[in-house]
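These notes concern the structure reproduced below.
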Amino acid sequence: MKNKIELFDSVKRDKVEFIPIDNEVKIYVCGPTVYDNAHLGHARSSISFDLLRRVLLANGYKVTFARNYTDIDDKIINKMAQTGETLSEITNKYIKSYESDMRALNILDPDIKPKATETINEIAQMVNELLIKNYAYRTSSGDVYFDTSRDSEYLSLSHRNQKNEERESRLTKNEEEKRNSSDFVLWKASQNGDLVSFDSSIGSGRPGWHIECSAMINKHLAHQDKAYSIDIHCGGADLLFPHHENEASQSRCATGIELAKYWLHNGFVKINNEKMSKSLGNSFFIKDILQKYSGEVIRFYLLSTHYRSDFNFSEDDLIVSKRRLDKLYRLKKRVKISSDTDIIFRDKLLSSLNDDLNISQTLAELDKFISEANDKLDKKIKDSNISNSIIFINDLLGIGGSDEVEYFKFGLSSDERIDIENLIANRIKAKQIKNFKLADEIRTELNSMNIAIMDSINGTEWERIE
RNA sequence: GGCGGCAUAGCCAAGUGGUAAGGCAGAAGCCUGCAAAGCUUUCAUCCCCCAGUUCAAAUCUGGGUGUCGCCUCCA
């Protein structure tokens with residue numbers, strides 16, 4: 001018997017009990033379009049659904065987790081025109097960079113990482129299926145559009161109404177033949193001068209954006225004989241419409257079954273209370289922030305706010321958040337890692353996360369655990385569960401797994417470390433001859449280098465502070 | 001214009017009917033040569049405003065204000 005898990009389903013707009021379709025939980029996350037480095041918004045999304053995955057695993061579920069790469073897109077083609085690089089040169093570069101960022105953030109690697117360019121056949125098949133079933137039509141240029149008026153369930157995902165969608169009329173030249181303004185492109189036929197095109201059973205061209213996710217899910221994950229193709233479909237809140245609406249619609253029409261049983265969306269990362277985005281010029285690349293703080297510190301910071309809330313990023317708050325993580329590592333320094341399981345603590349951490357990933361309560365339990373563990377160590381009460389709990393924390397939250405000494409020395413060169421160690425050695429000598437004035441001067445000097453020191457019976461420890 | 005989110009202490013942030021978790025900062029104490037770290041205690045008579053339902057509301061209902069977002073590519 002599994003514990004009860006509740007998740008907020010964006011479609012039902014309510015918390016609902018999670019009941020998997022089958023023994024194996026199938027999750028699909030909309031991944032990045034690989035035309036540039038990943039920013040903090042990508043980090044937030046990845047961390048949110050990495051937590052979901054870890055929570056399901058900790059509850060004893062078998063999970064198959066897929067995250068795609070959109071590696072064919074107009075923005076990539078624009079980049080090709082700008083830089084003269086080939087499609088794969090650009091996409092490989094940014095996929096590599098993305099995966100490096102994800103590793104730094106301690107994101108579990110997906111089981112499946114499909115690419116649009118490796119799914120062309122399946123995309124063409126699905127488009128063809130939609131054409132045959134008359135859910136799609138060709139325009140004179142050869143483009144294929146999805147006819148949204150043919151799906152009575154269209155807009156049921158995002159709860160919009162058709163009238164308002166139809167008021168829009170921002171049509172490009174190729175879109176003038178659309179039957180409905182909300183119709184979207186499934187396949188763009190090759191035109192003279194196109195930098196990229198693929199041969200397929202429906203002719204030469206390239207896929208539209210939405211169709212790739214439907215095709216990838218169908219190829220890699222989907223149940224064929226259930227009420228839903230997959231259990232959980234995740235992505236940023238900005239993808240709910242039109243991306244997920246369109247995905248759901250075309251999948252429903254092509255396969256006859258609903259795409260996902262649950263839809264989860266994470267909130268935005270904001271800067272100065274505005275959504276972080278390329279167009280506003282207020283986005284931060286993950287790799288740039290990694291120069292200054294470890295991936296684990298960034299992970300912990302982004303993890304600390306509930307995944308559905310908007311997250312207002314500030315470096316000051318990041319530092320405050322780090323101080324909280326520091327405590328876990330100071331505790332880790334005090335204990336030797338061994339084994340055994342504290343079932344009660346484990347259940348406490350997990351039960352709050354089982355309530356729509358309530359991280360805030362989980363972290364309160366974590367703080368309590370650290371405080372009680374320190375108290376026991378102060379009082380020399382033996383508790384073999386402490387070290388084991390730290391291991392569980394890392395399994396569940398992806399924090400606390402680094403080396404506890406190295407953690408406090410992030411970003412310092414070996415020369416700098418030697419200087420610090422020398423100063424500390426001099427201070428210990430001064431203390432031994434009771435020259436406290438000199439000892440305090442050295443401590444002040446270390447403080448000015450952003451180094452904090454802690455005397456203990458085991459000698460002097462030091463930490464880099466922000 | 002349509003649809004939606006959010007509004008809790010100096011800051012960050014849980015809590016969706018039973019009388020305000022947790023973290024940071026602040027204050028006091030223990031410890032320390034002094035510190036730091038750690039531990040203990042303390043720190044919102046009140047949850048944007050108004051009205052209503054209820055024995056009881058931060059939590060439900062109605063109205064209002066502010067703010068962010070989706071409706072074009074976006075995690």
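Below, read A as the first sequence line, B as the second, and so on, with proteins coming before strands; counting in each chain starts at 1.
- The shortest distance between the side-chain N/O atoms of A/Lys376 and the OP1/OP2 oxygens of B/rC39 is not below 4.0 Å.
- Pairing for B/rC39 goes to B/rG29, judged as Watson-Crick or G-U wobble with the two contacts each under 3.5 Å.
- At a cut-off of 3.5 angstrom, counting only N and O atoms as typed in the model, there is a donor on one side and an acceptor on the other between the side-chain of A/Asp440 and the base of B/rG33.
- With hydrogens and angles ignored, a donor-acceptor pair closer than 3.5 Å exists between the side chain of A/Arg443 and the base of B/rC34.
- For B/rA75, its base never sits under 3.5 Å from the side chain of A/Arg44 at any donor and acceptor pair.
- Comparing B/rC48 with B/rC68, their C1' atoms sit 15 Å apart, to the nearest whole Å.
- Under the Watson-Crick and G-U wobble criteria, each requiring two contacts below 3.5 Å, nucleotide B/rA20 is left unpaired.
- Taking side-chain N and O atoms only, A/Asn161 has no distance below 4.0 Å to OP1 or OP2 of B/rC3.
- Exactly one of A/Glu247, A/Arg67, A/His265 qualifies for a side-chain contact (heavy atoms from CB on, under 4.5 Å) with A/Cys30. That residue is A/Glu247.
- To the nearest whole angstrom, the two C1' atoms, one in B/rC30 and one in B/rG15, are 33 Å apart.
- A/Arg13 has a side-chain polar atom (N or O) that falls below the 4.0 Å cut-off from OP1 or OP2 of B/rG4.
- One cannot find a donor-acceptor pair under 3.5 Å joining the base of B/rA13 and the side-chain atoms of A/Ser304.
- Of the candidates B/rA14, B/rG2, B/rG22, B/rA14 carries the atom nearest the A/Asn358 side chain, counting heavy atoms from C-beta on.
- Looking at the side chain of A/Lys327, the nearest of the listed nucleotides B/rA75, B/rC24, B/rG15 is B/rC24.
- When distances are taken from the side chain of A/Met454 to each of B/rA37, B/rC68, B/rC39, the shortest belongs to B/rA37.
- Taking only side-chain atoms of A/Asp317, from C-beta outward, the nucleotide of B/rC11, B/rA75, B/rG33 with the closest atom is B/rC11.
- A/Lys292 NZ: 12 or fewer foreign heavy atoms inside a 6.0 Å radius.
- Between A/Ser371 and B/rC39 there is a side-chain polar atom (N or O) within less than 4.0 angstrom of OP1 or OP2.
- In this structure, A/Lys275 satisfies the cation-pi test against A/Phe268, with its NZ or CZ atom closer than 6.0 Å to the six-membered ring centre and inside 45 degrees of the ring normal.
- For B/rC34, there is no paired base (Watson-Crick or G-U wobble, both distances below 3.5 Å).
- Both tests hold for A/Arg308 against A/Phe8: distance to the six-membered ring centre under 6.0 Å, angle to the ring axis within 45°.
- For A/Asn374 and B/rC39, the shortest distance from a side-chain N or O to OP1 or OP2 is below 4.0 Å.
- Base pairing annotation: B/rU67 forms a Watson-Crick or G-U wobble pair with B/rG5, both donor-acceptor distances under 3.5 Å.
- Nucleotides B/rU32 and B/rU19, compared at atom C1', are 43 Å apart to the nearest Å.
- On the C1' atoms, B/rC6 is 13 Å away from B/rA13, given to the nearest whole Å.
- With hydrogens and angles ignored, the 3.5 Å screen pairs a side-chain donor or acceptor of A/Lys332 with a backbone N or O of A/Gly400.
- Checked options A/Thr117, A/Thr119, A/Thr91; the residue passing with A/Asp71 is A/Thr117 (criterion: side chain to side chain donor-acceptor pair (under 3.5 Å)).
- Residue A/Phe268 places its side chain closer to B/rC70 than to any other of B/rG33, B/rC70, B/rC73.
- Of the two residues contacting RNA chain B, namely A/His42 and A/Asp375, the nearest-nucleotide position lying further toward the 5' end is that of A/Asp375.
- For A/Thr305, taking side-chain heavy atoms from C-beta onward, the closest of the listed nucleotides B/rA13, B/rC73, B/rA75 is B/rA13.
- Proximity of A/Arg330 to the phosphate of B/rG38: a side-chain N or O atom is located under 4.0 Å from OP1 or OP2.
- A 3.5 Å limit on both hydrogen-bonding distances identifies no Watson-Crick or G-U partner for B/rC46.
- Nucleotide B/rG52: paired with B/rC60 (Watson-Crick or G-U wobble, both distances less than 3.5 Å).
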